[in-house]
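We name chains A, B, ... by the order of the sequence lines, and we start the count at 1 in each one. Values reported hereafter were calculated over all heavy atoms of this structure, with side chains retained and with hydrogens, waters and symmetry mates removed.
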There are 2 protein chains.
Amino acid sequence: MEIRIGDLAKRSGCEVVTIRYYEKEGLLPKPARSGGNFRLYGEAHIERLQFIRHCRSLDMTLSEIRALLGLRDNPMQDCGEVNTLLEAHIQQVEMRVSALLQLKRHLVDLREKCSGSRSVEACGILQGLGNCNYHGESATNSQTSG
Amino acid sequence: MEIRIGDLAKRSGCEVVTIRYYEKEGLLPKPARSGGNFRLYGEAHIERLQFIRHCRSLDMTLSEIRALLGLRDNPMQDCGEVNTLLEAHIQQVEMRVSALLQLKRHLVDLREKCSGSRSVEACGILQGLGNCNYHGESATNSQTSG
DNA sequence: AAAATCTCTATAGTCACTATAGAGTCAAGT
DNA sequence: ACTTGACTCTATAGTGACTATAGAGATTTT
């Protein structure tokens with residue numbers, strides 16, 4: 001049962017380029033090649049890629065995933081590390097949520113400041129942004145990844 | 001009243017390199033230079049940089065900020081656009097929060113699966129990550145900026 | 001005068017991809 | 001046999017918002 005990269009992409013809901021990227025990053029082992037130099041994948045690759053995608057859907061970084069894969073690959077080790085890693089990740093997510101909620105409060109406050117005046121000059125929002133009442137580095141980054 | 005880039009950095013809580021970066025990106029106008037080619041900033045720059053940093057602390061992207069600065073620079077325009085931009089940003093933040101909360105539920109579920117077994121092999125967490133029960137691209141990116 | 005600090009430009013790296021260019025491979029249709 | 005189209009290959013550059021580095025020059029302090 002050998003499938004090509006496009007089929008693997010379809011099965012895993014992951015783009016072809018991303019699969020090659022994971023290979024380059026050492027998350028996926030180099031697969032066999034066909035006569036025409038096409039990558040040929042088997043069951044093990046499919047399962048491993050699904051594992052990776054699942055972790056990504058949980059917003060883990062590639063290096064976290066690398067660590068998990070490492071643990072999975074030597075199954076004699078203690079399970080505690082897996083736990084620790086997950087725990088740390090949950091905490092990160094929690095911190096990010098609370099930072100965002102605080103952020104949102106500021107934004108909503110700001111929105112109230114617009115009196116509906118015609119000119120930008122008189123708009124309370126821009127004025128609110130001008131004088132710094134609250135200083136604080138937000139601990140979050142934007143960008144939505146598809 | 002002319003200050004150098006290091007002082008501006010201290011006043012704005014923003015690194016020197018970041019100030020130069022904003023200049024390169026067109027958010028800050030090119031300042032005057034001293035005899036020794038050092039950048040010299042005045043009040044207007046200070047205020048503008050504070051505006052930018054405030055917007056950044058609200059997690060706005062540089063292009064959102066560029067738009068706001070553009071509106072600020074021609075104050076004859078309608079204030080509605082400022083409102084629209086802010087509204088859109090609030091919605092983005094809301095979406096991100098709800099995506100993260102869903103994420104967290106999955107992670108906590110997963111944590112429960114570890115039975116405290118000694119070996120990684122038997123750990124329910126890794127098994128939980130292996131079979132994909134929930135598929136869904138999370139709409140978030142990690143990384144904490146500080 | 002020497003040392004320490006600050007500033008300059010230019011370039012490369014971060015993360016997890018995405019996009020592009022230009023070429024080769026393969027299966028189906030004519 | 002030939003062409004069309006879909007698929008695959010490698011290599012390189014771009015994204016966003018910076019951060020890090022190298023190597024040089026300016027200024028301030030000792």
Side-chain angles (χ1 to χ4, degrees), chain A residues 2-28 30-41 49 52-67 69 89 92 96 137-146, chain B residues 2-28 30-41 49 52-67 69 89 92 96 137-146:
Chain A
E2 302 197 310
I3 63 174
R4 297 206 306 223
I5 199 168
D7 293 327
L8 182 56
K10 262 173 222 144
R11 276 183 195 238
S12 56
C14 169
E15 298 220 39
V16 166
V17 281
T18 305
I19 296 174
R20 287 196 282 251
Y21 172 69
Y22 289 158
E23 179 182 327
K24 210 177 66 181
E25 292 297 302
L27 297 176
L28 280 178
K30 305 207 173 202
R33 296 287 183 130
S34 74
N37 200 30
F38 286 7
R39 288 170 178 83
L40 296 178
Y41 296 98
L49 181 54
I52 295 170
R53 293 308 287 176
H54 193 172
C55 290
R56 282 296 296 143
S57 82
L58 295 174
D59 222 25
M60 294 183 190
T61 63
L62 293 195
S63 86
E64 285 175 312
I65 298 171
R66 221 187 309 271
L69 286 171
H89 187 63
Q92 269 179 37
R96 215 131 64 78
E137 312 280 311
S138 90
T140 59
N141 263 13
S142 308
Q143 287 166 45
T144 37
S145 75
Chain B
E2 302 197 310
I3 64 175
R4 297 205 308 220
I5 199 168
D7 294 327
L8 182 55
K10 262 173 223 145
R11 276 182 195 238
S12 57
C14 169
E15 299 219 37
V16 167
V17 282
T18 305
I19 296 174
R20 286 197 282 252
Y21 172 70
Y22 289 159
E23 178 182 328
K24 209 177 68 182
E25 292 297 303
L27 297 176
L28 279 177
K30 305 207 174 202
R33 296 288 182 129
S34 73
N37 200 31
F38 287 7
R39 288 171 177 83
L40 296 176
Y41 297 98
L49 181 55
I52 294 171
R53 293 307 288 176
H54 193 172
C55 291
R56 282 295 295 142
S57 81
L58 295 173
D59 222 25
M60 295 183 190
T61 63
L62 293 194
S63 88
E64 284 175 312
I65 297 171
R66 221 188 308 272
L69 286 170
H89 187 65
Q92 270 178 37
R96 216 129 66 76
E137 314 281 313
S138 88
T140 58
N141 263 13
S142 307
Q143 289 166 41
T144 38
S145 75

From [atom1] of [X] over to [atom2] of [N], roughly how many Å is that when rounded to an integer?
X: B/R56; N: D/dC18; atom1: CZ; atom2: C1'; answer: 9 Å
X: B/E25; N: D/dG14; atom1: CD; atom2: P; answer: 14 Å
X: A/K30; N: D/dT8; atom1: NZ; atom2: P; answer: 19 Å
X: B/M60; N: D/dC18; atom1: CE; atom2: P; answer: 14 Å
X: A/E15; N: C/dC17; atom1: CD; atom2: P; answer: 10 Å
X: A/I19; N: C/dA16; atom1: CD1; atom2: P; answer: 17 Å
X: B/Q92; N: D/dG16; atom1: CD; atom2: P; answer: 13 Å
X: A/L62; N: C/dC17; atom1: CG; atom2: C1'; answer: 9 Å

Distance below 4.0 Å between [X] side-chain N/O and [N] OP1 or OP2:
X: B/Y22; N: D/dA17; value: no
X: B/T18; N: D/dT19; value: yes
X: A/Y21; N: C/dC15; value: no

Just list the side-chain donor-acceptor pairs under 3.5 Å for residues 17-27 of chain B, sequence neighbours left out, or say none.
residue	atom	partner	partner atom	Å
B/Y22	OH	B/R53	NH1	2.7
B/E23	OE1	B/R39	NE	2.8

Query raised in the report: Can you tell me how far the CD atom of A/E2 sits from the CG atom of A/D7, to the nearest 0.5 Å?
Result: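 Those atoms lie 12.0 Å apart.
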Which heavy atom in [X] sits nearest to a heavy atom in [Y], and how many Å separate them?
X: A/G6; Y: A/V16; answer: CA-CG2, 4.0 Å
X: A/M60; Y: A/E64; answer: CA-OE1, 3.2 Å
X: B/R4; Y: B/Y41; answer: C-CD1, 4.3 Å
X: B/R33; Y: B/L40; answer: C-CD1, 4.0 Å

Requested in this report: For nucleotides 7-12 of chain C, just jot down a letter per nucleotide in 5' to 3' order: B, S or -, based on protein non-hydrogen atoms under 4.0 Å.
Outcome: SSB---
Query raised in the report: Taking it one step at a time, do A/T61 and A/H89 satisfy side chain to side chain contact (heavy atoms under 4.5 Å, CB included)?
Result: CA-CA 9 Å; A/T61 63; A/H89 187 63; over 6 Å; no
